[in-house]
Amino acid sequence: MPSPILFISDLHLSPEDPATTAAFHAFLQGPAMHASALYILGDLFEFWIGDDSLDEVFNAEIVAAIAQLAKQGVNIFFVAGNRDFLPGQRFASAAGLTLLADPSLIDLNGQAVLISHGDALCTDDLAYQRFRRIVRHPVVQTLFLALPRRWRQGQVEKLRQRSKASNQMKRSEVMDVNAQAVEQLMAQHHVQTLIHGHTHRPAMHILPQGQRWVIPDWYQGQGGYLKLKNNNISMHQLDGSPF
Ligand code: LP5
Ligand code: MN
């Protein structure tokens with residue numbers, strides 16, 4: 001019987017949430033060990049301000065645990081999220097994983113699946129899309145990465161405050177994916193299955209063109225994952241029970 005393929009996203013790992021960090025270590029030593037591949041679809045970290053983040057013990061331990069799983073023969077892939085969109089080759093090599101573009105079309109045992117973090121699909125959130133265009137610009141990123149880590153850390157803390165304040169002003173629907181953006185993306189890639197995270201609204205949506213799966217976020221030791229086995233996708237809590 002083929003081994004399952006697992007999908008996780010939105011763990012937002014940080015020293016401030018030790019229960020989720022422990023849950024991630026348990027996941028790597030539990031369900032992930034029995035998988036043939038693990039897809040991490042962004043926001044694994046609360047934020048990643050450049051690969052010198054590896055110099056922090058907390059991050060180094062997470063990355064070493066992922067590398068340990070890779071050594072067991074599990075293929076690991078990483079699509080960046082809106083919190084950790086600055087991973088580089090140093091991070092990828094240390095974690096033993098492969099960085100993928102957002103979106104990426106993957107072939108899972110003959111089934112074409114499109115994977116994405118999901119933030120690019122939130123097209124009604126005009127303020128966020130403007131912000132995204134700025135911070136995804138290569139020149140902005142090169143300049144940012146050239147500045148001292150302490151300064152970058154301070155800027156991200158300020159950005160988090162602004163983001164939190166601006167999110168409180170936004171209607172909830174604005175922070176969800178836009179149906180037309182989903183339809184267009186799936187049509188463009190000729191897929192019937194889309195898997196993404198970001199919105200923290202775990203669900204399986206039946207669409208005219210197929211299925212849209214939203215991966216559960218993790219918080220205070222609770223979370224979940226998607227499992228593809230024998231061409232069937234299912235959603236699970238961390239103890240393996242149905243989500
Ligand atoms: O993160 P979350 O889920 O709370 O909200 C997101 C969107 N917010 C963000 C911002 C991040 O939270 C900030 C931390 C990112 C770390 C990145 C490190 C490197 C940064 C520098 C790179 C060069 O992603 C939020 C969405 C929400 O998801 C739902 O989709 O609504 O969007 C916002 O809050 C954006 C605001 O609407 C606009 C923010 C104004 C800030 C303007 C500064 C622009 C210049 C920045 C230059 C460095
Ligand atoms: Mn996100």
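Every number for a ligand or one of its atoms is a count from 1 in the order of the listing. Just so you know, these numbers use all the heavy atoms, side chains as well, and skip hydrogens, waters and symmetry mates.
Closest to atom 3 (O) of ligand 1 among all protein heavy atoms lies Arg83 NH2, 3.9 Å. Protein heavy atom nearest atom 39 (C) of ligand 1, with residue, atom name and distance: Phe131 CD1, 4.2 Å. Looking only at heavy atoms of the protein, atom 34 (O) of ligand 1 is closest to Ser163 OG, 2.9 Å. Looking only at protein heavy atoms, the nearest one to atom 32 (O) of ligand 1 is Tyr128 CD1, 3.1 Å. Of the protein's heavy atoms, Asn82 ND2, 3.4 Å lies nearest to atom 6 (C) of ligand 1. Closest protein heavy atom to atom 45 (C) of ligand 1: Ile134 CG2, 4.3 Å. When only non-hydrogen protein atoms are considered, atom 30 (O) of ligand 1 lies nearest to His198 NE2, 2.8 Å. In this structure, the protein non-hydrogen atom closest to atom 12 (O) of ligand 1 is Arg160 NH1, 2.7 Å.
Rounding to the nearest 0.5 angstrom, the gap separating the NE2 atom in His117 from the CG atom in Asn82 is 4.0 Å.
When the heavy atoms of Trp48, Phe45, Phe47, Phe85 are ranked by distance to atom 20 (C) of ligand 1, first place goes to Phe85.
When only interatomic distances are considered, the shortest N/O to N/O separation between Gln141 and ligand 1 does not fall below 3.5 Å. The shortest N or O to N or O distance between Asp125 and ligand 1 is below 3.5 Å.
Residues Ile195 and Leu114 are not in side-chain contact: their nearest non-hydrogen atoms beyond the backbone lie 4.5 Å or more apart. Annotation: side chain of Arg83 is in contact with side chain of Arg160 (closest heavy-atom distance under 4.5 Å). Using a 4.5 Å heavy-atom cutoff, the side chains of Val191 and Leu105 are in contact.
Tracing side-chain contacts under 4.5 Å through hydrophobic residues (I, L, V, M, F, W, Y), one reaches Leu86 starting from Phe47; they form part of the same cluster.
Each of the atoms 23 (C) of ligand 1 lies under 4.0 Å from some heavy atom of Val140. Set against the non-hydrogen atoms of Ala127, the atoms of ligand 1 under 4.0 Å away are 37 (O).
Counting only protein atoms, the N, O or S atoms lying less than 2.8 Å from the Mn ion (ligand 2) are Asp43 OD2, Asn82 OD1, His117 NE2, His198 ND1, ordered by chain and residue number.
Residue contacts with ligand 1 for Asn167 involve side-chain atoms from C-beta outward but no N, CA, C or O (heavy atoms, distance under 4.0 Å). Contacts between Lys170 and ligand 1 below 4.0 angstrom, taking non-hydrogen atoms only, involve the side chain exclusively. Heavy atoms of Ser166 found under 4.0 angstrom from ligand 1 belong exclusively to the side chain.
Ring geometry for Phe27 against Phe24 counts as parallel: the plane angle stays under 30°, on a 0 to 90° scale with 60° as the upper cut.
For residues 234-243, the set of pairs meeting the side-chain hydrogen bond (donor to acceptor under 3.5 Å, both in side chains) definition, not counting sequence neighbours, comprises Ser234-His236, Asp239-Ser241. A side-chain hydrogen bond (donor to acceptor under 3.5 Å, both in side chains) check over residues 218-228, counting only residues at least two apart or in different chains, returns nothing.
Partners of Tyr39 under the ring-ring contact (aromatic ring centres under 6.0 Å, His included) rule, at least two apart in sequence or in another chain, are Phe7, Phe77.
When all heavy atoms of Gly223 and Phe243 are compared, the pair lying nearest together is O-CE1, 3.9 Å. Closest non-hydrogen pair, Glu46 versus Ser14, comes out as CB-CB, 3.8 Å. Contact detail for Pro216 and Pro202: the closest heavy-atom pair is CA-CB, 3.7 Å.
Residue contact annotation: Val156 has a non-hydrogen atom under 4.0 Å from ligand 1.
Between the side chains of Ser116 and Asp102, at least one donor N or O lies within less than 3.5 Å of an accepting N or O. At a cut-off of 3.5 Å, with distance as the only test, a side-chain donor of Trp213 or Gln211 sits close to an acceptor on the other residue.
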